[in-house]
Amino acid sequence: MKEKLEQIRDEAIALAKKASDMNTLNDVKVKYLGKKGELTSVLKSMKDVPKEERPKVGQMVNETREEIENILEEIKTSIETELREAKLKEEVIDVTLPSKKNKIGHRHPNIIALEEVERIFVGMGYEVVEGPEVEYDLYNFEKLNISADHPAKDEQDTFYINKDIVLRTQTSPVQARVMEQGKLPIRMIAPGRVFRSDEVDATHSPSFHQVEGLVIDKNISFADLKGTLEIFAKELFGENTKTKFRPHHFPFTEPSAEVDVTCFKCGGKGCRFCKGSGWIEILGCGMVHPHVLEMCGIDPKEYTGFAFGVGLERIALLKYEIDDMRLLYENDIRFLKQF
Ligand code: DAH
């Protein structure tokens, strides 16, 4: 009997040692220790053992069972360890590998330029206001002294919704709207989209952006306008920038001027960028026409003011040295990510 048990034990151990996964190990357990297993069948054959030897044989069977159980447990632990290590190896992360770069958005040059313009004027106490893009002819033209026969009203320039409503061709109508509200003094800028029936090319687009400026108070003079725009130009293009006011005509300002700044590329000497002149035009401006003040309910004998209008794309193109306006509208990520 002893030999038989030893044989079972050795067989079980030999088989268990060959097992490399849990299922095989479990099969071994069932084969030797299970209800229909070999050890159990030994127990079942106890009835053939003489009575006085039974306790001894019983003890031997139990010892064998324990031995096999211990070995199985050991092997189970080592298989588990192996599996765990294999899994860790598989999941190992090389922390020195370069990470995947997430694509992040970029601010559009127009927005950067607008924020810059807003920063400068808000710093001087201006309010930022907005007006509608679909505008009455009354505000876009009439109240700005642009009479019915003015060439700017030509259908070739203006998108008409109907005879009274247009897509605004300029941000200047916001001036009229703010003046009409009657809260004085006024110190505001009005950025926004404007529309003109233009063909697309390197310097034109049917939709672009302007920033309007308006100051109305007692005793506002052309000197205030000059000083303000000089500060604006220096803040925008650098401390050494000089400004030049050229007489011009706008229906809603009198006198009117266009403002040039010294070329920030060559400092005024003349280069390819400024087409040799040393100067670059940046905006239109003037003293608000007394008739415009009157039409908007402000007494021109008591109040005066100045206004200006800047093309935002023009500022962005100049400041970031972009030579084709179409780049601003194509949203090519390779272009935008430079900013
Ligand atoms: N609205 C003008 C344009 O679109 C620009 C302009 C000129 C605005 C002079 C002004 C101004 O406020 O005073 O060309």
Side-chain angles (χ1 to χ4, degrees), residues 114 117 121 126-133 135-147 150-154 156-159 166-180 186-198 203-217 220-230 232-233 243-261 281-293 295-296 298 300 303-315 317 325:
L114 174 60
V117 172
F121 283 105
Y126 285 58
E127 219 182 313
V128 180
V129 302
E130 276 180 31
E133 291 174 3
E135 184 56 284
Y136 289 107
D137 178 284
L138 180 71
Y139 288 103
N140 196 79
F141 296 122
E142 292 298 322
K143 285 187 185 253
L144 296 171
N145 229 8
I146 303 172
S147 55
H150 195 281
K153 291 188 72 170
D154 197 321
Q156 284 180 355
D157 276 73
T158 309
F159 288 115
V166 300
L167 295 185
R168 67 176 174 192
T169 59
Q170 48 187 356
T171 44
S172 304
V174 187
Q175 288 187 34
R177 285 180 171 273
V178 172
M179 284 191 274
E180 253 187 13
I186 296 166
R187 213 179 275 123
M188 68 95 176
I189 54 169
R193 188 191 285 268
V194 301
F195 307 86
R196 281 182 206 178
S197 176
D198 274 330
T203 52
H204 292 88
S205 160
S207 157
F208 55 103
H209 300 78
Q210 291 184 333
V211 184
E212 196 75 15
L214 177 70
V215 171
I216 306 280
D217 204 347
I220 297 289
S221 71
F222 202 92
D224 296 311
L225 171 62
K226 276 194 81 174
T228 302
L229 293 181
E230 261 164 29
F232 172 60
T243 45
K244 179 165 79 176
F245 286 67
R246 268 186 296 104
H248 200 79
H249 170 77
F250 296 105
F252 39 91
T253 43
E254 181 58 37
S256 305
E258 274 189 336
V259 175
D260 298 345
V261 293
E281 182 212 318
I282 61 159
L283 57 82
C285 65
M287 299 306 291
V288 181
H289 199 295
H291 191 218
V292 172
L293 290 175
M295 281 189 284
C296 297
I298 295 174
Y303 285 95
T304 50
F306 64 76
F308 55 88
V310 192
L312 196 59
E313 278 79 358
R314 184 154 176 79
I315 300 293
L317 296 185
M325 189 159 153

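Remember, it's 1-based here, ligands and their atoms both numbered in the order they're listed.
Surrounding CZ of Phe222 are more than 12 heavy atoms belonging to other residues, nucleotides or ligands, all under 6.0 Å away.
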Sub-3.5 Å pairs, protein N or O with ligand 1 N or O:
{"residue": "ligand 1", "atom": "1 (N)", "partner": "Gln170", "partner atom": "OE1", "Å": "2.7"}
{"residue": "ligand 1", "atom": "1 (N)", "partner": "Ser172", "partner atom": "OG", "Å": "3.0"}
{"residue": "ligand 1", "atom": "4 (O)", "partner": "Arg196", "partner atom": "NH2", "Å": "2.8"}
{"residue": "ligand 1", "atom": "4 (O)", "partner": "Gln210", "partner atom": "NE2", "Å": "2.9"}
{"residue": "ligand 1", "atom": "12 (O)", "partner": "Gln175", "partner atom": "NE2", "Å": "2.9"}
{"residue": "ligand 1", "atom": "12 (O)", "partner": "Glu212", "partner atom": "OE2", "Å": "2.6"}
{"residue": "ligand 1", "atom": "12 (O)", "partner": "Phe308", "partner atom": "N", "Å": "3.3"}
{"residue": "ligand 1", "atom": "12 (O)", "partner": "Phe308", "partner atom": "O", "Å": "3.3"}
{"residue": "ligand 1", "atom": "13 (O)", "partner": "Ala307", "partner atom": "O", "Å": "3.2"}

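When every heavy atom of Arg168 is checked against every heavy atom of Gly192, the shortest pair comes out as NH2-CA, 3.3 Å.
Here His249 pairs with nothing under the ring-ring contact (aromatic ring centres under 6.0 Å, His included) rule; sequence neighbours left out. For Arg193, the salt bridge (Lys or Arg N to Asp or Glu O under 4.0 Å) criterion is met by no residue, not counting sequence neighbours. Partners of Phe306 according to the ring-ring contact (aromatic ring centres under 6.0 Å, His included) rule, which considers only residues two or more places apart in sequence or in another chain, do not exist here.
Side-chain contact, Gln210 with Gln170: no donor N or O sits under 3.5 Å from an acceptor N or O.
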